[in-house]
Amino acid sequence: MQSELVQKYLREDRLPHIWCPGCGHGVIMHAVIRAIDNLKLDPEKVCIVSGIGCSSRASGYMNFNTLHTTHGRALAFATGVKMSQPDLHVIVLTGDGDTSAIGGNHLIHAARRNIDITTITFNNNIYGMTGGQYSPTTPYMDFGTTAPYGNIDNSFDLCDLAKGAGASYVGRATAYHAVQLAKIIESAISNKGFSFVEAVSSCPTYYGRKNKKGDAVNMMKTLKDMYVDIKIAEKKPELADGKIIFGELYNNPQDEYTDKYQKIIDMLKKEN
Amino acid sequence: MQSELVQKYLREDRLPHIWCPGCGHGVIMHAVIRAIDNLKLDPEKVCIVSGIGCSSRASGYMNFNTLHTTHGRALAFATGVKMSQPDLHVIVLTGDGDTSAIGGNHLIHAARRNIDITTITFNNNIYGMTGGQYSPTTPYMDFGTTAPYGNIDNSFDLCDLAKGAGASYVGRATAYHAVQLAKIIESAISNKGFSFVEAVSSCPTYYGRKNKKGDAVNMMKTLKDMYVDIKIAEKKPELADGKIIFGELYNNPQDEYTDKYQKIIDMLKKEN
Amino acid sequence: MSKKYEIRLTGSGGQGLILAGIILADASLMQGINAIQSQSYGPEARGGASKAEVIISTEEINYPKVQQCDLLLCLTQKSYNEYIATLKNDGILVVDDSIEMTEISSATIYRLPILQTANEELKKPMVANIISLGAITKILNLVKEEMVLKAVLNRVPPGTDLINTTAFNKGVSLIK
Amino acid sequence: MSKKYEIRLTGSGGQGLILAGIILADASLMQGINAIQSQSYGPEARGGASKAEVIISTEEINYPKVQQCDLLLCLTQKSYNEYIATLKNDGILVVDDSIEMTEISSATIYRLPILQTANEELKKPMVANIISLGAITKILNLVKEEMVLKAVLNRVPPGTDLINTTAFNKGVSLIK
Amino acid sequence: MNKNIKLLQGNEACVEGALAAGMEFFAGYPITPSTEIAEISAQKLPAIGGHFIQMEDEIAGMAATLGGSLTGKKSMTATSGPGFSLKQENIGYGCIAEIPCVIVNVQRGGPSTGLPTSPAQSDIMQAKWGTHGDHPVIALYPNSVQEIFTTTVDAFNMAEKYRTPVILLLDEIIGHMREKIDLSIVDSLEIIDRKRPSCTPEEYKAYQADEDLIPPMADFGSGYRYHVTGLMHDETGFPSNNSKVAHQLMHRLMDKIDKNVEDIVKYEEYMLEDAEIAFVAFGATSRAAKEAIDNLRKKGIKIGLFRPITIWPSPQKQLLALSEKVNTIIVAEMNMGQYTYEVERIAAKNCNVEFYGRVDGQPINPDELMKFAEEVLL
Amino acid sequence: MNKNIKLLQGNEACVEGALAAGMEFFAGYPITPSTEIAEISAQKLPAIGGHFIQMEDEIAGMAATLGGSLTGKKSMTATSGPGFSLKQENIGYGCIAEIPCVIVNVQRGGPSTGLPTSPAQSDIMQAKWGTHGDHPVIALYPNSVQEIFTTTVDAFNMAEKYRTPVILLLDEIIGHMREKIDLSIVDSLEIIDRKRPSCTPEEYKAYQADEDLIPPMADFGSGYRYHVTGLMHDETGFPSNNSKVAHQLMHRLMDKIDKNVEDIVKYEEYMLEDAEIAFVAFGATSRAAKEAIDNLRKKGIKIGLFRPITIWPSPQKQLLALSEKVNTIIVAEMNMGQYTYEVERIAAKNCNVEFYGRVDGQPINPDELMKFAEEVLL
Amino acid sequence: MGMPKKVFVNKEWCKGCGICVAFCPKNVLELKNGLIDIARPEDCIKCGQCELRCPDYAIFLKEAPENE
Amino acid sequence: MGMPKKVFVNKEWCKGCGICVAFCPKNVLELKNGLIDIARPEDCIKCGQCELRCPDYAIFLKEAPENE
Ligand SMILES: Cc1ncc(C[n+]2csc(CCOP(=O)(O)OP(=O)(O)O)c2C)c(N)n1
Ligand SMILES: Cc1ncc(C[n+]2csc(CCOP(=O)(O)OP(=O)(O)O)c2C)c(N)n1
Ligand code: SF4
Ligand code: SF4
Ligand code: SF4
Ligand code: SF4
């Protein structure tokens, strides 16, 4: 027996999922379906696209039109889907490595075009699927199997990157802040344009173990402690000291790409 | 007979270059050698890396260690050069398409690492080499052969993109503002870290013709009119109205990547 | 009787010779004669010598590239120097009269004031291609003049019909 | 006389069976006996049944994968169910005594309180692998106990020598 | 003049063929000598309500093309060597996920940037082996503007019929030349659309093949929710590590092509009836071969041409038959002997196989082929 | 115990071999089942003053590897199928620009993401044909941990000697298994370094080959300024469209390999003296074949193994000789018959060529090979 | 109005991560043999924290007749 | 101190874009048959604008004996 939401939106026969005990990815996927449910989207018109990684396995569990692509290319496939069939709600579920390492170019270009795709990056600060190599979001001097002496790369702030590249909606929340996360995903999907959500996850198996972050419960608590709601931070900045802000970070609706293309089509129709 | 600078730094036997009459690229390459000359860099220790495009042909004309790579990959090759031989001054000369379309990912990652490479993008707002397709910097609703009804893509501000990704030095100047351009390139090379220079060029052959921008002389004049020095803009903002700012846009030195790696090497040496 | 002409039009980048080639091919098709047009790409396409090729034939055309020219047009010294060797011994050479020629024995040579006509008489340097076309049409005497003129008018920008018609006729009249 | 054992160690993801396999291979090499160790990768590696293989042989080993087990260790019900069929008819089965077994006729069976010893006696669940290793060493009677123990101490984290020695000896003593 | 007779460039004919076949989506990235295909698509697609997008690179171009096809739109991309290399990973994805689409490669001189504006035929083997792992391949190679049009239609038809990416090989010569095309054939073209499910969404298993080995394919958004993955998968489309499942999928993917070779293989035979020696050539080179043959025939040499239009799967049966008939096969190609490998494999047990090639950016011309054939005959 | 005897994983032995050969730079991107090679390089390189970098993707990994080699550092990258596909464009660059380096591909099940943790041998043809355009290829494929070590050294040596990228093929089985290695050979290894210019910088023409067809290569920064390009180029290294130049360069690139086949081709023969039937197999499968042979021999069947260690260029001479000796060659490979094409091409005129394959993620085991051989014999 | 809610578990999906146990404000839950167990159902206040946080959808609230 | 400077041209490299002509503050330069020509050398003030702006390095100032 399952919860109604799970029955409605997930492929029960594909569960339990492959994620490790306590992995934050499951919580994030739950938030995604709550957001979809709240928005009352027609499931037939929802297309979930993912790349390759633990996080990207999400597409297989979700009962929509689902597309599990190649590593890093989710947004490029998604762009083809959206461009050729603009009436679909296209949602990309991806990992930090998938979106921002190998897939970084597709991220900035989809953002630049402001094409109506919602990208949700499950950011666990590591490559989980391949066993714990550092990713572009691994914090400075943290460890990964390919950073045995500490990671000397600066890490991306994915939200800044997406905003800088042109996303018209940007938000962040963590697997701990699951209620807020669902809300942000809801707003992101509602934005007609390119929306980016950093969903901070936790990987107790690799990132946690390599960096002595304790067990899954501990890592959830760390998320609670490390992140502060932007609304609180705005009211009481002292509470945000040394913490990372989450919430709706940017919301600036702009003309959407497929809409603009439609105008060309309409113009040519008139001409003929 | 040639000017001394040309004799000293260019491969005379490869000239005249393939660029069209009045193409801004030649002016920019001139600024690069003036900057190198002012800095008195040892030419043996300078490595120029480029991708593919009209602009990327620059490497072949410059009398240094020169590497003309594949389309979009100049920064990835350059990273290998710099990482394996940190005492080289690595300068990447590239086009807007080369750096920011196919090469966008390498740009943001090189910037993120703050590896000591100076990237100079010859931005002519078009793919010149392939005959005038729109690029990620083609202004909104301008024309390209693949944008016959006007370009609906938003264009990147390359300087913002580089800065957002982590570049520690960012500057811009135009082929018209050739003196300032050389100065900015000089500062960029001096910065130990990732430096990005947008060198605004002009392509009378494709961009100019497609968009009715007049002849080469006209396009040079347009650069003069459209861009304003940041120092002037700061003093008299009204002069900057509707114009694009050039100059040193960001200068924030940070620990450099190969230096940080050297510390690991040194640490391990001590341990043994 | 089957007739086949391999024609190479050479000059500099901006002279519109590719268009001339296309027009000649167009006209041939209109008249039911086979034609293939091709051109050289590459850095040379940016200034420097430019080359357009047309093969017209009453039979099927297999190999699409010009091997040895039956007719060679040269509008610049540079292109003349580069391509003169590709002309058949008994071929036809059409050169602008500004070009200094080396000795050629057996070719039929038409040395015509094409550029001068365009620049000075018509004051439109860009119609040199159409003038050339007129001359070539007349020389070949295979595709009908009215077909070529029709093809010209199909391809040139609107509003330039008159000048191009004039240019074409000028070209025709340069021959004899 | 040539001897070759194909050994498969099965259980769940976190039980350290791959390490056990490596240690056994290590010890074999120390004694001049050939050994190859391999393991299954894949989603199964994350929880679920886990499998490590070791082939040890006094001769050269060609095929590196276990085909039919001479000795099968099962520490969980799941792994028992999955791999029991791969045991040779006359093979050796070492199972934890928490496992419910189906009928097996011809195999030599050692039903041992491995997990219990680890959990309750030694209060260190993670040494179940070393206990198993002790038992297997004793059963096989090919690689010397001291070699295996030495190999254990080479591979385990510093500061855990004592507990692992105890565990190994416990394992040895489980046999008879 | 017949209104249907036009002078078209090869690349242009490719777009016209694609539109005639029902193309509604094009995603690509410019590269010489294929760029006109993108440019003309950009111009024509919105006029019919279709969509064109210039992606950030070729990888994205390939990905978007596959994405477009999943929504039910016939999709195409076009490129040349360097871009074809970049597309390889996602071509493999298209093969295993069985997503119909057409990938045009207008070949130029390689390797690497090579001779970017010169013709070559040196991606023949890459078309078959470019992506990792075994996978089904259909690659077609026309030799005239007219045939570019019809073969582009064939490419779409085969892609749709067999649910697989189809590679359309051109070369710089035929892509850029302008030639006569008779568009009156448009009315009589057979256009094939992918088989869509006839069952209910509940019954639909996205990768359950019918007897013809092809699973019906539902458009994303059409009421059949299903999963698409590049992992090995079972009939439902969901990933599986089961070795039987993997075996079945791999064999079905290959069989759906292999068992339909008769339908897929297209070729032309020219003057082979009494030939003692035969050229095997395709694309621009086959036109040089024809001219050479015409000339050699005049000299009384019994020579002909076998021209594979379907390059992959290779016309194995026909080549074998040819090898039993002639003494020598000369494979002429603008490369260092790629298809020659395949012809040798099939034919070398029966006849002499010679290779004539060029990799200097120049087309192979009739004269050199005549000379070579005459030398071989000595 | 001999201190030099160690239990090493295949991937580990690859790194040890690389270090023994002089590797100083590694740039890559993680992918199963090759990741350990990156991980161990990350750990070991800085300790010897070398450099490791994890790039943003495999394209960048390949590019950086080539960049590293240009500064004179022996450089390596490692990947598996999907990453190998992505590296193809820049592999072609390495070939035409003649930049020595080693590219390891630890093969897993394809196409696409396929069976990412299962073994396969299905990138055999991609190793030769994966990039566009004709290009020289050396690909080596060891079958034991010991041999992974020595073959990695060979790979570096050949890369340096012939100034070309060398592909080292492994498979998941041998990459991940742990086996005995005797490191005492380290002292007796022959290590080859690229030929550097002996002339003055003024005289140096970067692509002017010596009689051995190899141009001396100067390190960037060492006082010889020169130009490197992926365009067709002349002896000076600068681009040229001249067809003679192109012809010469292409033929020299191929000849430098073809004319040294004797040196490059390595192989093992096992029980072939009196064999009437022979397996051709490599990597993990060759080990199954050996075991099958031992068993079949016991039954009195005259069977042996030919194991190419150098996969490309293929040991054509040896395979031809084999085909003249045996009645049947069975090519056994974990794919759908890739090397079989090559063996057929060479051998089919002389003997029967059979293929035995698997693409289900399972290793080919000795039993099935025995059964197959026995069936073939019937 | 629906029936009152009750907490349910699906042991087949539970991976024993302990997150629900840790975040249950009323200490209702426990791990038993490494899997979730509703140790003190009577203390449950139906706050839904367990459902919200379980990464495996193995625990959730659902309407159910009071004494099922 | 060096010799006085003079403006030089390299016609082989000049592509006749006219940029130097347009930006010469003293109107020293002209295009002749599509190539650069120093029409009024006597007016040259050695400002170097032509050298700075020529995309083809076809015009530049160089020290030279006054009456070369
Ligand atoms: C082209 C390619 N390169 C590399 C890989 C190997 N790979 C699979 S997933 C992955 C990283 C996953 O990390 P992330 O996207 O952060 O997701 P996570 O697993 O951490 O959820 C990598 C490198 C691949 N499958 N394909
Ligand atoms: C992989 C690959 N894709 C495409 C091309 C074709 N190509 C060559 S240059 C170029 C664009 C050049 O534009 P830009 O970088 O802006 O330089 P510009 O020519 O305008 O100076 C393209 C698309 C290529 N050579 N390789
Ligand atoms: S490896 Fe990490 S990210 Fe992947 S499922 Fe396990 S905990 Fe989650
Ligand atoms: S095409 Fe444009 S960018 Fe290229 S050389 Fe000509 S003017 Fe410059
Ligand atoms: S949170 Fe879920 S998976 Fe974790 S212990 Fe509780 S019920 Fe089990
Ligand atoms: S700027 Fe240079 S290229 Fe242009 S006209 Fe003057 S001298 Fe000639």
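The chains referred to below are lettered A, B, ... by the order of the sequence lines, with proteins before strands, and numbering in each begins at 1.
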Top contributor to chain F contacts, counting heavy-atom pairs under 4.5 Å, from [options]:
{"options": "E:E342, E:H233, E:M125, E:R358", "value": "E:M125"}
{"options": "E:G130, E:G109, E:S243", "value": "E:S243"}
{"options": "E:S112, E:G110, E:A246", "value": "E:S112"}
{"options": "E:T113, E:I124, E:V245", "value": "E:T113"}

Against chain E, work out which of [options] has the most heavy-atom pairs shorter than 4.5 Å and name it.
{"options": "F:I91, F:T131, F:L253", "result": "F:T131"}
{"options": "F:R108, F:M250, F:H135", "result": "F:M250"}
{"options": "F:K128, F:Q248, F:E344", "result": "F:E344"}
{"options": "F:Q107, F:H251, F:K87", "result": "F:H251"}
{"options": "F:N335, F:I59, F:I346, F:L249", "result": "F:N335"}
{"options": "F:G114, F:S80, F:G361, F:G337", "result": "F:G114"}

Side chain, backbone, both or neither of [X] within contact of chain F (heavy atoms, under 4.5 Å):
{"X": "E:Q121", "answer": "neither"}
{"X": "E:Y341", "answer": "both"}
{"X": "E:S240", "answer": "backbone"}
{"X": "E:A120", "answer": "neither"}

Heavy-atom closest pair (E:P116 atom, F:L231 atom, distance to 0.1 Å) is CD-CD2, 3.5 Å
How far apart are the closest heavy atoms of F:D134 and E:S122, and which atoms are they?
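Distance-wise, the nearest heavy atoms are OD2-CB, 3.3 Å.
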Which answer fits [X], side chain, backbone, both or neither, if we ask what part of it has an atom under 4.5 Å from a heavy atom of chain E?
{"X": "F:Q362", "answer": "side chain"}
{"X": "F:Y93", "answer": "both"}
{"X": "F:S118", "answer": "neither"}

message: I'd like to know if the side chain of E:D123 reaches the main chain of F:G133, judged simply by a donor and an acceptor atom lying under 3.5 Å from each other, with no hydrogens or angles considered.
response: yes
Identified side-chain hydrogen bond (donor to acceptor under 3.5 Å, both in side chains) counterpart of E:S85 within the set F:E89, F:Q88, F:H132
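When side-chain hydrogen bond (donor to acceptor under 3.5 Å, both in side chains) is applied between E:S85 and each of F:E89, F:Q88, F:H132, only F:H132 qualifies.
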